[in-house]
Amino acid sequence: MTETLTRPQEPAAVAASPARGLTTAQGAALYVGAVLGTGVIALPALAAQAAGPASLIAWLGLVLLSVPLAMTFAALGARHPDAGGVSTYVRLAFGPRAAGAIGWCFYFAVPAGAPAAGLFAGAYVEAAIGGGQRTVLLTAAALMLAVTATNAFGVTVSGRVQLVLAVVLVALLLTAVISAAPHGDTGNLRPFAPNGWLAIAPAAALLVWSFAGWEAITHLAADFRRPERDLPRAAAIAVVVVGVLYLSVAAAGILVLGPRAASGAPLARLLEIGLGGPASALAAAAALLLTFGTMNAYYGSAAKLGAALGRDGALPGWLARGARAGDVPRRSLAVTSGLSALAMVAVAVTGTGAEPLVLLATGAFVAVYGLGTAAALRLLPKGSAARRHALVALVAVVGLLAATGWYLLWPLVLTAGALLYHQRRHRAATA
């Protein structure tokens with residue numbers, strides 16, 4: 001027992017089942033769902049409010065950052081396919097204490113972010129059918145239940161659902177952008193930085209939510225048919241799709257909507273302008289699909305991670321069932337779903353908006369990126385393109401850490417909890 005806690009072994013290579021594992025297309029769809037997600041329906045407005053048209057610089061910067069981030073985590077997943085994902089890479093590079101801390105940051109960030117994602121979608125549904133805050137909360141709760149049920153059937157079913165969702169979402173977003181583009185006006189780019197150039201930093205901190213997800217699919221790496229081939233391909237496809245769609249929607253919002261891009265639901269307005277007449281129902285459908293895709297990917301990844309943390313001693317051992325490739329981590333999934341429900345109840349009782357929840361979640365994910373890319377510098381071969389990607393990503397993530405501000409207190413609290421849990425377990429094992 002002591003040996004397991006102090007020096008966990010590197011996970012053995014996993015032989016994927018060609019008949020049952022995730023394909024490249026399903027993996028790319030999971031990536032697109034995890035990264036694209038709810039950011040495209042709400043954050044263009046929040047970023048425009050923070051920095052005006054200059055928010056496009058923040059969007060472009062984060063799209064460019066996505067390339068080294070995605071390639072770094074895909075390379076790690078291909079070399080070390082394990083349900084622990086980033087936690088496993090950090091354990092191999094820096095030991096069990098650091099692994100437990102980063103695992104907690106990811107695992108407990110998902111329940112904080114799930115209510116925010118549900119609230120974004122709920123706002124679109126409420127705009128379409130009315131019902132006020134009751135509709136918003138019920139929509140969020142229904143999404144969490146649906147995602148839990150989907151993941152309870154396993155990653156193969158979840159991947160098939162995600163593939164269908166991704167195709168529909170790409171079609172909807174392209175329709176919104178292409179139909180609204182003729183109504184654009186370059187005059188809406190002036191003044192370009194109404195709140196000053198420094199406002200780009202807080203806009204970027206908000207937008208990290210939109211780009212979190214490149215690390216999420218690594219927890220499912222062992223469930224790919226051929227992780228060493230399929231995972232990098234899936235990541236590369238997703239980087240192109242996500243980058244094009246994010247920049248297109250953000251640019252269309254500024255050029256077509258002008259000052260209105262900083263308020264309300266920009267995707268709904270683009271659809272209304274492009275297609276003519278009210279398009280709130282179509283926008284609500286797009287919001288539901290986007291949110292479901294994000295939550296589907298994150299619930300699956302968090303459930304796998306929780307099982308791996310239970311296996312490695314960073315969480316209670318009864319969570320470990322489901323850590324192996326192909327198994328369904330239903331106990332860990334139940335914990336993720338339950339904590340998300342508690343967070344939703346807290347939101348309903350206190351009336352807390354989505355923005356603080358977004359920043360809490362992104363603070364934790366930036367910490368995951370920081371330690372994950374640092375681990376990559378130790379694990380990836382020297383001189384390789386993947387290692388160069390990791391170095392660029394680490395430098396960029398340090399800048400994001402500075403932009404996140406006091407919301408980094410959340411990952412610090414989680415880190416302290418993980419270290420205390422590790423110390424308590426170690427003492428119990430050696431007593």
Side-chain angles (χ1 to χ4, degrees), residues 37-50 104-148 202-203 205-210 212 262-266 268 284 287-288 290-292 294-296 298-299 302 306 333-368 403-418 420:
T38 55
V40 78
I41 63 176
L43 291 190
L46 294 177
Q49 185 177 8
W104 276 45
C105 283
F106 186 102
Y107 191 64
F108 293 108
V110 172
L119 290 172
F120 287 150
Y124 273 75
V125 174
E126 195 280 332
I129 66 174
Q133 189 67 5
R134 178 184 177 86
T135 297
V136 174
L137 294 173
L138 287 176
T139 299
L143 280 167
M144 289 192 287
L145 286 173
V147 170
T148 300
L206 280 168
L207 294 180
V208 171
W209 167 278
S210 300
S263 62
L288 286 171
L290 283 161
T291 305
F292 185 92
T294 300
M295 294 172 69
N296 186 44
Y298 269 97
Y299 269 48
L333 176 63
V335 171
T336 299
S337 182
L339 290 175
S340 298
L342 288 176
M344 177 59 70
V345 170
V347 168
V349 171
T350 63
T352 303
E355 185 173 337
L357 295 175
V358 168
L359 290 170
L360 283 174
T362 54
F365 286 129
V366 170
V368 170
T404 304
W406 71 271
Y407 284 97
L408 285 176
L409 289 175
W410 175 235
L412 290 177
V413 168
L414 293 175
T415 296
L420 288 173

Atom of [X], atom of [Y] and distance for their closest heavy-atom approach:
{"X": "M144", "Y": "S340", "value": "SD-CB, 3.6 Å"}
{"X": "P411", "Y": "G363", "value": "CG-O, 3.5 Å"}
{"X": "A348", "Y": "L137", "value": "CB-CD1, 3.7 Å"}
{"X": "A140", "Y": "M344", "value": "CB-CE, 3.1 Å"}
{"X": "A112", "Y": "P115", "value": "O-CD, 3.5 Å"}
{"X": "Y107", "Y": "A302", "value": "CE1-O, 3.1 Å"}

Rounded to the nearest 0.5 Å, what separation is found between the [atom1] atom of [X] and the [atom2] atom of [Y]?
{"X": "T336", "Y": "M295", "atom1": "OG1", "atom2": "CE", "result": "11.0 Å"}
{"X": "T148", "Y": "L143", "atom1": "OG1", "atom2": "CG", "result": "10.5 Å"}
{"X": "F120", "Y": "L288", "atom1": "CZ", "atom2": "CG", "result": "14.5 Å"}
{"X": "Y299", "Y": "F292", "atom1": "OH", "atom2": "CZ", "result": "11.0 Å"}

| task | Specify whether F365 and F106 have parallel, tilted or perpendicular ring planes, treating 30° as the upper limit for parallel and 60° as the lower limit for perpendicular. | result | perpendicular

| field | Residue pair T139 / L119, side-chain heavy-atom distance below 4.5 Å | value |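 The answer is no, as the side chains (C-beta and beyond) never meet within the 4.5 Å cut-off.
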
| query | Does the pair W104 and T415 meet the rule for a side chain to side chain contact (heavy atoms under 4.5 Å, CB included), with working shown? | reply | CA-CA 7 Å; W104 276 45; T415 296; over 6 Å; no

| Distance-only, no hydrogens or angles: does the T291 side chain make a donor-acceptor pair with backbone N or O of G118 under 3.5 Å? |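 Side chain of T291 to backbone of G118: no pair is present.
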
| field | Short side-chain to backbone donor-acceptor contact, S337 and L333, under 3.5 Å | value |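 Looks like no, no N/O pair under 3.5 Å.
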
